[in-house]
Amino acid sequence: MAAPLDDATRAIVKACVPALEAHGLTITQEMYKRLLATPEIRDLFNMSHQKDGEQPKALALAVLAYARHIDDLGTLGGMVERIAEKHVGLNILPEHYPFVATALLGAIAHVLGDAATPEVLDAWGKAYWFLADILIGREGQIYHAHETAPGGWTGWRSFTVSTRVRESENITSFVLTPTDGKPVMRHQPGQYLSFRLDIPGHGSQRRNYSISSAPSDSSYRISVRRMGGGVVSEWLHDSVQPGTELQVSAPAGDFTLSEPSSAPVVLLSAGVGLTPMISLLGALTSAQTPAAIRYIHTTPSTDTEAFGEYINTLAQSGKIQADVFYSQKAPTSAHGAVTQHTGRMTQDWLKSQIDPRATYYICGPDSFMRDVIATLREAGLPKAQLRYEFFGSASDADLVT
């Protein structure tokens, strides 16, 4: 267990908050520049998040949140858990942490110049290793749970694509079965798989994709949206066929169902953010504890809508209440028991539909997520009733209140 930080260290870290607000992104950009110069470390990262600046921004927000809450780190428990889950998915190990420490302290010294006194660097070194020790400990627990679970494993395991299904004009599903024919660990609905892929012409790549199937002992399903210019998504859509082998780590992620309850559940998604919701729906609609389920989704058109027939079947059977918004093109025909809306979901509409008893699960593009979370919070819903997952490396550190 990490030793508590002393008062002097915490005071110096807190005093750095204005500098982090002004220069945090520059520091993390410099940190990644140094860190990714080491090939074996670079191969651990999703490099697309470096190109679009997402990962340095996410880390800058996380470091700032850490400094702001250094006296009450319990506030950041959710963020720490998400980082640990992501690290396990990517097979981050204790021996990787010194590389990050060296890069981070070097970046602080480089960007802050004379302001990065020996005392400041010493404090940040202690603060880094305090957090690193917490993460290493938690990651060790998760690795152990994966290793000892029925069908579980650690590291990378070979899976074979058994089936691919076109779900919409831009989303394709891939069913994955273990190449060794042995059972797999049953995932928790809402979790994701991490992949180590060797893409011709692009080398080693890392990606995470939400599992879109119900828990199973034999397979997983992922549903991937084609991204224009996306190295991995275009390769999956264009080149991966039944029989292709992929390297996969065990299911990870904490965007999972709360303890069984009869309280209502609302699933709010946009675009490919529906993929974990499909897995959640499988668990919710088969649960012994009855709960009212509301599914609200937004998509450009019926052409981009995935799993529409599945949602309609659940709605027709009375298992869920479903609303789908078509933001760009109105549907040309009614879709069974699903309530269809033309245009974007508005803040006023969402406020009019709020159930104060419900737990809300939210997933989609960053802008959608932030708008929905802000609307629900403004309407008085407590944070404890909001569960959300950002795509990629996006951080929710700035939502911690």
Side-chain angles (χ1 to χ4, degrees), residues 13 16-68 76 79-80 82-113 115-116 120-121 123-136 139 192 194-199 202-208 227 229-233 249 252 366 390-398:
V13 170
C16 290
V17 166
L20 292 174
E21 290 173 337
H23 306 292
L25 181 57
T26 304
I27 289 171
T28 56
Q29 288 171 333
E30 176 65 22
M31 189 210 81
Y32 278 116
K33 177 182 176 181
R34 294 164 178 254
L35 187 63
L36 299 179
T38 305
E40 60 266 35
I41 300 298
R42 182 174 62 245
D43 286 346
L44 295 170
F45 288 88
N46 179 344
M47 295 306 295
S48 69
H49 293 155
Q50 297 297 321
K51 293 177 181 178
D52 62 18
E54 182 183 340
Q55 198 143 25
K57 179 182 177 182
L59 180 60
L61 291 171
V63 171
L64 178 58
Y66 182 45
R68 284 173 173 168
L76 303 180
M79 186 180 75
V80 170
R82 278 184 281 281
I83 292 172
E85 292 279 353
K86 186 64 67 68
H87 282 181
V88 168
L90 295 172
N91 286 288
I92 302 296
L93 300 173
E95 55 262 35
H96 297 135
Y97 278 85
F99 291 94
V100 180
T102 299
L104 176 61
L105 295 178
I108 291 173
H110 178 80
V111 173
L112 297 187
V120 166
L121 293 176
W124 273 101
K126 291 177 179 177
Y128 169 80
W129 280 111
F130 175 80
L131 180 58
D133 285 344
I134 292 174
L135 288 168
I136 290 170
E139 289 157 16
Y192 55 81
S194 297
F195 292 79
R196 183 183 69 185
L197 306 167
D198 187 12
I199 310 297
H202 296 278
S204 182
Q205 301 287 325
R206 300 289 189 275
R207 292 296 186 274
N208 306 313
M227 300 283 291
V231 170
V232 173
S233 69
S249 64
D366 285 5
F390 281 91
F391 289 140
S393 63
S395 171
D396 61 324
D398 54 334

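What you see below is based on every heavy atom in this structure, not just the backbone, and it leaves out hydrogens, waters and symmetry mates. Quantities reported herein were computed from a predicted structural model and do not represent experimental measurements.
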If you round to the nearest 0.5 Å, how far is [atom2] of [Y] from [atom1] of [X]?
| X | Y | atom1 | atom2 | value |
| --- | --- | --- | --- | --- |
| W129 | L135 | CH2 | CG | 11.0 Å |
| L121 | L104 | CG | CG | 9.5 Å |
| L59 | Q55 | CG | CD | 8.0 Å |

Shortest non-hydrogen contact between [X] and [Y], atoms and distance:
| X | Y | result |
| --- | --- | --- |
| V100 | M31 | CG1-SD, 4.4 Å |
| A127 | V13 | CB-CG2, 4.0 Å |
| V120 | C16 | CG1-SG, 4.1 Å |
| G89 | S194 | O-CB, 3.0 Å |
| Q205 | I199 | CG-CG1, 3.6 Å |
| W124 | L20 | CZ2-CD1, 3.7 Å |

Name all residues meeting the side-chain contact (heavy atoms from CB on, under 4.5 Å) criterion together with [X]; count only those two or more places apart in sequence or in a different chain, and write none if there are none.
| X | result |
| --- | --- |
| A37 | none |
| T38 | E40, I41, F99 |
| L112 | A19, H23, I27, I108, A115, A116 |

- Name all residues meeting the ring-ring contact (aromatic ring centres under 6.0 Å, His included) criterion together with Y192; count only those two or more places apart in sequence or in a different chain, and write none if there are none. none

- So, S204 and R206: side-chain donor and acceptor under 3.5 Å apart, yes or no? yes

- Task: Any chance you could lay out the side chain to side chain contact (heavy atoms under 4.5 Å, CB included) test for K86 and N208, step after step, and finish with the verdict?
- Result: CA-CA 9 Å; K86 186 64 67 68; N208 306 313; 3.2 Å; yes

- Message: Is it the case that the side chain of S249 and the backbone of L90 share a donor-acceptor pair, with hydrogens and angles ignored and the cut-off at 3.5 Å?
- Response: no

Check side-chain hydrogen bond (donor to acceptor under 3.5 Å, both in side chains) between [X] and all other residues, then give those that pass, not counting sequence neighbours.
| X | value |
| --- | --- |
| T28 | none |
| R34 | E30 |
| H87 | Y97, E139 |

